[in-house]
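Comments concern the structure below.
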Amino acid sequence: MLTNERMACVIIVGAQWGDEGKGKIVDLFTQSVSAVVRFQGGNNAGHTLVVNGEKTVLHLIPSGILRDNVTCMIGNGVVVDPEILLKEITNLKARGLLKNDAQLVISDQAHLIMPYHKKLDQLREERSGSKKIGTTGRGIGPAYEDKMARKGIRFCDLEIPEVFQEKVENLLKRRNERFSKMFNTEPFDAAIIVKSYLGFYQELKKYVGNVSVNVSELIKSKKHVLFEGAQGTSLDVDHGTYPFVTSSNTVAGGAMSGAGVGPTVITDVIGIAKAYTTRVGMGPFPTELLNEEGKYLQEKGGEVGSTTGRTRRCGWLDLVGLKHAVRINGLTGLALTKLDVLSGLKNIKYCKAYSYNGKILNELPANLHVLEKCEPVYEELPGWNDDISKVRKLEEMPAQVLKYVKIIETFLGIPVILLSVGPERGQDIIIRHPFE
Ligand code: GDP
Ligand code: IMO
Ligand code: MG
């Protein structure tokens with residue numbers, strides 16, 4: 001039974017290339033928490049929650065929003081497109097959610113995604129042709145570039161209209177010149193941007209606050225807090241398959257700087273992984289299946305991107321990648337999703353090492369040219385035909401499923417704490433609840 005005597009602060013991160021089912025698991029665990037905090041990324045994320053057949057896809061708002069008593073916070077590490085955030089808020093309100101404005105807090109230090117970030121993201125991708133990253137086109141990279149170059153604009157800059165106007169005007173002087181030289185595009189009109197962003201701010205300012213202070217107060221009063229990662233470890237700007245990554249630290253360490261809390265409060269770090277692997281966008285993917293089995297996973301798993309609608313590339317489980325995720329994030333447990341999708345396959349393969357130029361590699365190589373040429377070293381086990389989507393008890397799982405789970409646990413050296421067998425809230429078996 002849940003008590004507040006022992007506070008729990010849990011980070012949930014994707015252990016692969018995103019879309020592992022983080023939204024579903026965060027929604028499930030929020031039954032027990034006071035707040036959910038997003039700490040990086042932006043509306044490149046698409047987190048899907050399904051409750052009683054009703055689907056909600058969240059891009060910026062944390063996945064605790066379906067529960068009225070959970071405060072949802074957008075930390076300083078997130079880059080926010082205010083127009084998209086407002087749309088998300090409006091849609092939720094239209095469904096009778098987010099009735100209490102205090103349920104949402106946006107950090108005044110969070111950086112804004114500006115129209116020129118989106119344009120630059122899209123133009124660069126168009127220009128790059130076959131060398132493109134395959135970004136979501138939401139302006140994420142350019143917004144983080146400006147943040148690091150100390151040219152970003154933050155929510156707090158909107159507090160004083162004249163300050164905001166001056167910043168936009170100054171920035172656009174150089175930007176417009178660059179845009180017209182490089183891309184031959186029409187200049188951005190500072191006045192239009194200023195007017196629209198000040199308009200967004202009028203509607204959003206009631207939510208703007210100090211996330212770090214809010215989270216610290218909850219922790220001090222022994223409340224449970226969940227930090228919700230976006231994307232996944234292999235998309236991390238430092239530890240992923242660079243440069244085919246996103247522009248933020250998606251790993252557990254990012255939760256500290258991106259929410260404004262210290263590492264000493266964290267009690268658990270849970271990684272989410274699919275029972276196979278998917279990737280959307282370009283870049284190396286050693287276990288990718290370009291055959292009927294890949295098609296099976298894609299179709300049965302409904303592997304279509306929640307943000308861009310692109311078909312996700314599919315392949316076998318990559319334990320080398322997961323071992324990397326265990327180490328980088330300091331994972332204390334793994335939640336394994338989409339096990340139901342594997343039902344019906346004659347054999348299931350999993351990759352335990354890579355072979356490169358006749359050598360065995362047990363770790364993910366940093367050099368992309370090496371990774372691109374890595375061949376997965378597979379082992380396999382017989383599959384199962386049972387429909388496991390209705391199984392709710394570990395002892396009722398087919399022996400083959402349990403064997404697969406055991407192999408994963410043994411290889412990674414951490415426990416699998418949850419098995420997910422369908423998209424609906426409740427289609428899962430919780431082995432250890434990080435908040436109970
Ligand atoms: P996220 O970005 O990590 O939150 O994941 P997405 O929501 O982008 O993608 C995961 C997809 O898988 C969504 O459509 C979920 O509804 C779905 N899903 C999550 N867990 C399961 C599961 O155990 N089985 C099945 N069949 N679908 C799942
Ligand atoms: P969630 O939170 C899967 C991928 C893009 C591209 C790369 C860079 O739903 O798991 P960006 O627009 O971030 O500059 O694109 O990262 N990507 C994701 N892939 N899930 C996501 O989020 C993603 N967010 C970005 O496809 O390859
Ligand atoms: Mg997603």
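- In this structure, the side chains of Asp387 and Ser343 stay at 4.5 Å or more apart for every pair of heavy atoms.
- Under the 4.5 Å side-chain criterion, counting only non-hydrogen atoms from C-beta, Glu228 is in contact with His47.
- For Phe200, the ring pair (Phe, Tyr, Trp, His ring centres under 6.0 Å) partners are Tyr197, not counting sequence neighbours.
- Judged as a ring pair (Phe, Tyr, Trp, His ring centres under 6.0 Å), and not counting sequence neighbours, Tyr116 has no contacts.
- Checked by atom type, the side-chain pair Ser389/Asp340 shows no donor-acceptor distance below 3.5 Å.
- Remark: Gln31 CD to His224 NE2 distance equals 11.5 Å, nearest 0.5 Å.
- Judged by distance alone, the side chains of Asn329 and Thr233 do bring a donor and an acceptor atom under 3.5 Å apart.
- Looking at Lys24, Lys390, Lys393, Arg392 one by one, the single match for salt bridge (charged side-chain N to carboxylate O under 4.0 Å, His left out) with Asp428 turns out to be Lys24.
- Aromatic ring pairs are classed by plane angle as parallel below 30°, tilted from 30° to 60° and perpendicular above 60°; the pair Tyr378 and Trp316 is perpendicular.
- Side-chain atoms of Arg138 and Asp81, non-hydrogen and from C-beta on, never get closer than 4.5 Å to each other.
- A 6.0 Å sphere centred on NZ of Lys118 holds more than 12 heavy atoms belonging to other residues, nucleotides or ligands.
- Ring geometry, Phe179 versus Phe188: the interplanar angle exceeds 60°, so the pair is classed perpendicular (tilted spans 30 to 60°).
- Put simply, the side chain of Glu145 does not reach to within 4.5 Å of the side chain of Ser247, judged on heavy atoms.
- Counting heavy-atom neighbours within 6.0 Å of Lys93 NZ, excluding the residue itself, gives a total above 12.
- Shown here is Lys323, whose NZ atom has more than 12 heavy atoms of other residues, nucleotides or ligands within 6.0 Å.
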Residues 303-310 side chain polar contacts: donor-acceptor under 3.5 Å, at least two apart:
from, atom 1, to, atom 2, distance (Å)
Glu303, OE1, Lys274, NZ, 3.0
Glu303, OE1, Arg312, NH1, 2.7
Glu303, OE2, Lys274, NZ, 3.3
Glu303, OE2, Tyr276, OH, 2.5
Glu303, OE2, Lys338, NZ, 2.9
Ser306, OG, Arg312, NH2, 3.1
Thr307, OG1, Asn44, O, 3.2
Thr307, OG1, Ala45, O, 3.1
Thr307, OG1, Gly46, N, 3.3
Thr308, OG1, Arg310, NE, 2.9
Arg310, NH1, Gly134, O, 2.8
Arg310, NH2, Gly134, O, 3.3

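- Residues Val211 and Phe39 form no side-chain contact, since every pair of their non-hydrogen atoms from C-beta on lies 4.5 Å or further apart.
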